There are 2 protein chains.
Amino acid sequence: MRLRTTPGSAVPIYRQIVEQVRAQIARGELAAGDPLPSVRAVAEELVVNANTVAKAYGELVRSGDLVSEPGRGLFVAEKKPALSAVERRRRLRVAVERLVAEAISVGASREELDDALEAYCEHADVLRRADRDDHDRRIA
Amino acid sequence: MRLRTTPGSAVPIYRQIVEQVRAQIARGELAAGDPLPSVRAVAEELVVNANTVAKAYGELVRSGDLVSEPGRGLFVAEKKPALSAVERRRRLRVAVERLVAEAISVGASREELDDALEAYCEHADVLRRADRDDHDRRIA
DNA sequence: CCAACTGTACTATGTTGCACAGTACAGTTG
DNA sequence: CAACTGTACTGTGCAACATAGTACAGTTGG
């Protein structure tokens with residue numbers, strides 16, 4: 001569990017924690033059933049109030065990413081409740097709209113946008129393409 | 001000038017105005033030199049405080065999207081000061097990071113993301129590709 | 001000239017979200 | 001039983017947001 005905070009950021013600390021935990025689960029760094037560090041441990045680690053961590057964990061439980069076993073701790077949920085296809089497309093669309101709006105406002109072209117997306121996915125080794133070509137290339 | 005607000009939204013009203021004006025300039029709905037409706041007119045239209053509109057306009061002036069002619073009004077700037085290539089790439093990257101994070105959290109694949117991006121650019125007729133193939137396909 | 005408009009700059013008030021501190025309690029575990 | 005777990009309170013401080021009202025300098029059409 002590696003967590004970090006950006007104190008000066010406009011996004012609240014509890015939200016940063018939520019996003020990072022979600023990202024680590026998505027990347028497989030946290031597997032189903034894995035225990036999470038306690039509220040108080042994270043709070044000490046990040047030099048942050050315990051309530052702030054509890055707020056983040058609570059949101060992750062409500063969203064189904066974590067399960068709470070009272071008295072024992074928090075664990076990564078076995079299966080995150082899959083979003084419906086329509087809901088997934090809807091949220092993807094609003095996220096895309098935001099990105100395109102930013103791209104327009106900085107005066108970037110479609111090609112620059114595609115390049116940036118490709119470069120980030122490549123570098124961060126995330127959201128990899130599932131085609132065989134890519135897989136073979138990595139094995140070779 | 002078509003503006004709308006989403007009162008329940010987490011993004012502040014003044015920021016919604018900023019984004020919408022920027023988008024309209026980018027789309028060409030507002031051309032360089034075009035006058036903008038007065039602070040008080042927009043405030044009445046949106047049923048919003050004049051200070052809130054002034055705050056949005058002020059930010060647009062500071063960012064170089066609008067120019068202020070004291071006593072006359074606000075106008076779309078002739079040429080928005082082009083961002084440096086590195087700055088453009090930097091801002092594009094953080095925007096891409098946000099999109100990818102959302103894509104991961106909703107469990108979307110890379111292909112779904114690409115499709116959503118393509119579909120939005122196609123539908124909104126925005127950030128069009130500049131290659132000849134695409135152009136020919138549309139003419140045909 | 002002047003009334004009516006423009007942007008801009010104040011002061012002040014109320015609400016909301018965020019992070020903090022402290023306390024408390026029920027459940028689990030070595 | 002002591003030490004840990006999550007959770008739930010109360011209360012405080014701070015900053016951002018939106019509101020209301022007032023004021024002032026510059027421009028412009030009648």
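Throughout, a chain's letter reflects where its sequence line sits, starting with A, and its residues are numbered from 1. All values below were derived from every heavy atom in this structure, side-chain atoms included, with hydrogens, water molecules and symmetry-related copies excluded. Please read all numbers here as calculations on a predicted model, not as lab measurements.
Note that the CG atom of L74(A) and the OG atom of S38(A) stand 9.5 Å from one another [nearest 0.5 Å]. In this structure, CG in L3(B) is found 12.0 Å from CD1 in I13(B), a value given to the nearest 0.5 Å. For the atom pair CG (L60(A)) and OG (S68(A)), the distance works out to 12.0 Å, reported to the nearest 0.5 Å.
Between the CG atom of L66(B) and the P atom of dT6(C) there is a distance of 16 Å, rounded to whole Å. In this structure, the CD1 atom of I17(A) is 15 Å from the C1' atom of dG6(D), given to the nearest Å. Atom-to-atom, CG of L74(B) to P of dG26(D) comes out at 17 Å; the value is rounded to the nearest Å. Computed from coordinates, the E59(A) CD to dT7(D) P distance equals 13 Å when rounded to whole Å.
Through ILVMFWY side-chain contacts below 4.5 Å, V86(A) is grouped with nothing and stands alone. With side-chain heavy atoms closer than 4.5 Å counting as contact, directly or through intermediates, V47(A) stands alone and belongs to no larger hydrophobic cluster.
For D34(A), the salt bridge (charged side-chain N to carboxylate O under 4.0 Å, His left out) test picks out no residue, with sequence neighbours left out. Remark: R93(A) engages E97(A) in a salt bridge (charged side-chain N to carboxylate O under 4.0 Å, His left out) (not counting sequence neighbours). Among residues two or more places apart in sequence or in another chain, the salt bridge (charged side-chain N to carboxylate O under 4.0 Å, His left out) test is passed with R72(A) by E69(A). Under the side-chain contact (heavy atoms from CB on, under 4.5 Å) criterion, A43(B) pairs with A50(B), V53(B), sequence neighbours left out.
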Which atom pairs link the protein and nucleotides 28-30 of chain C when you take only N or O atoms and keep those under 3.5 Å?
| unit_1 | atom_1 | unit_2 | atom_2 | d |
| --- | --- | --- | --- | --- |
| dT29(C) | OP1 | R72(A) | NE | 2.7 |

| message | Walk along nucleotides 13-19 of chain D from 5' to 3' and tag each nucleotide B, S or - by protein heavy-atom contact under 4.0 Å, base first, then sugar-phosphate. | response | ----SSB

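Summarising the geometry of A77(A) relative to G64(A), their closest heavy-atom pair is CB-O, 3.3 Å, with the distance given to 0.1 Å.
Residue pairs that meet the side chain to side chain donor-acceptor pair (under 3.5 Å) test with at least one member in residues 39-50 of chain A, sequence neighbours left out, are N49(A)-N51(A). For residues 10-25 of chain B, the pairs satisfying side chain to side chain donor-acceptor pair (under 3.5 Å) are R15(B)-E19(B), R15(B)-E59(B), R22(B)-S63(B), R22(B)-D65(B), with sequence neighbours left out.
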| query | According to the Watson-Crick and G-U wobble definition with distances under 3.5 Å, which dot-bracket string, read 5' to 3', encodes DNA chain C, using [ ] for crossing pairs and | for pairs with another strand? | reply | ||||||||||||||||||||||||||||||

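If you check residues 29-41 of chain A against DNA chain D, the residues with a heavy atom closer than 4.0 Å are S38(A), V39(A), R40(A), listed by number.
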| request: List the steps and the verdict of side-chain contact (heavy atoms from CB on, under 4.5 Å) for V96(B) and L99(A). | output: CA-CA 7 Å; V96(B) 164; L99(A) 172 63; 4.1 Å; yes

